[in-house]
Amino acid sequence: MAAALCAVLVTAGVAGGAEVAPGDVSFEDSAVVTAITSEPGNPEEGAKVLANRGLGNCLACHAVAALKKEQFQGNVAPPLDGVADRWTPEQLRAIVADAKQVFGEETVMPGFYSLNVGVNVRKNLVGKTILTAQQVEDVVAFLGTLREAQ
Ligand code: HEC
């Protein structure tokens, strides 16, 4: 009984109110299987993070048709339309948390929940992640809504 309960908690995410620290996120085969917060991701909040230039700033590089009211979308990276058909939620979590784990060291995509951000980091950002664990889950939830059929 105890073992079964434990297994349920592991697949559902971390236990109540907790979150996984950036250095403790477990990447396996380009996926992060376990949610890094106990609170499920909120797609509406995730859309705001994508568009916010001080947070995700995803639209500097990626275009998203579902957010077409946002001006100045980027084209240095693939459009995110249909991304939920190309990647599983677990893979999307890995891409957002630390793109290097999926695309390799050379990627220009920032690691949004990683402390491995390079050497020329402003002093006040050392030891901080760009997004919080909850913002990562919110973004992953929003990406999960981006299907080709829309
Ligand atoms: C500095 C540019 C840049 C920013 C900012 C950026 N990305 Fe990326 N992203 C890339 C590039 C480039 C790729 C393609 C993989 C590669 O070449 O490294 C990519 C790939 C992806 C992919 C896989 C796309 C596919 O269709 O295969 C997803 C999902 C993604 N990014 C999500 C995001 C999200 C969400 C944000 C904001 C939180 C973000 N990216 C911010 C550059 C960026």
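Read the numbers this way: they start at 1 and go in the same order the structure lists the ligands and their atoms. Throughout, residue positions are numbered sequentially from 1 according to the sequence presented.
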Polar pairs, ligand 1 vs protein, N/O only, below 3.5 Å.
| unit_1 | atom_1 | unit_2 | atom_2 | d |
| --- | --- | --- | --- | --- |
| ligand 1 | 7 (N) | His62 | NE2 | 2.8 |
| ligand 1 | 9 (N) | His62 | NE2 | 2.8 |
| ligand 1 | 18 (O) | Thr107 | OG1 | 2.5 |
| ligand 1 | 26 (O) | Arg86 | NE | 2.9 |
| ligand 1 | 26 (O) | Arg86 | NH2 | 2.8 |
| ligand 1 | 27 (O) | Trp87 | NE1 | 2.9 |
| ligand 1 | 31 (N) | His62 | NE2 | 2.8 |
| ligand 1 | 40 (N) | His62 | NE2 | 2.8 |

Checklist entry - When you measure from the side chain of Asp85 to the backbone N and O of Glu148, does any donor-acceptor pair fall under 3.5 Å? => result yes
Checklist entry - Does some side-chain heavy atom of Ile36 sit less than 4.5 Å from a side-chain heavy atom of Val136? => result yes
Item to check | Glu39: partners by side-chain hydrogen bond (donor to acceptor under 3.5 Å, both in side chains), with sequence neighbours left out | outcome: none
Item to check | Option among Val32, Leu146, Val83 that satisfies the side chain to side chain contact (heavy atoms under 4.5 Å, CB included) test with Leu92 | outcome: Val83
Checklist entry - Where is the tightest heavy-atom contact between Arg147 and Ala84, given as atom of each residue plus distance? => result NH1-O, 3.3 Å
Checklist entry - Do NZ/NE/NH1/NH2 and the carboxylate oxygens of Glu45 and Lys48 come within less than 4.0 Å? => result yes
